[in-house]
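Single-structure report; data block below.
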Amino acid sequence: MKIRPRGKFVLIRIIDIGKNPEGTIAIPQQSIEGKVFEVEAIGPDVDNLEIGDRVLMIGRSGTDYYPLPNSNNLLIIEESHVVLVFEEE
């Protein structure tokens, strides 16, 4: 299935999830702060991002981002919540 955000919305994938030591139980964090995301798709009105960009975003749990059903690591956010784009030198 192809996903196409509308307007200024961006589809991002969590890429900095971290690893749990062997034998421990993973407890999902509600916070997305400090995680790195990769842009998977952008809406037609998004100006400053490209597919493949690695970004850092701000937001509060459940109010500024929307998880996709049946996906543990895809979120829909507004472009304005991206505060940093990592660029290669």
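Reckoned from all heavy atoms, side chains included, excluding hydrogens, waters and symmetry mates.
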(request) Using side-chain contact (heavy atoms from CB on, under 4.5 Å) as the criterion, list what pairs up with L68, not counting sequence neighbours. (result) I3, L11, S71, L74, I76
(request) Could you grab the distance from atom NE2 of H81 to atom CD1 of I12, nearest 0.5 Å is fine? (result) 10.5 Å
(request) Nearest 0.5 Å please: distance from the CZ atom of F9 over to the CG atom of L75. (result) 13.0 Å
Please list, one pair per line, the donor and acceptor atoms closer than 3.5 Å that link side chains of residues 39-50 to other protein atoms, with sequence neighbours excluded.
unit_1: E40; atom_1: OE2; unit_2: R13; atom_2: NE; d: 3.2
unit_1: D47; atom_1: OD2; unit_2: K8; atom_2: NZ; d: 3.3

(request) Grab the two heavy atoms, one from I14 and one from F37, that are nearest each other, plus how far apart they are. (result) CG1-CE2, 3.1 Å
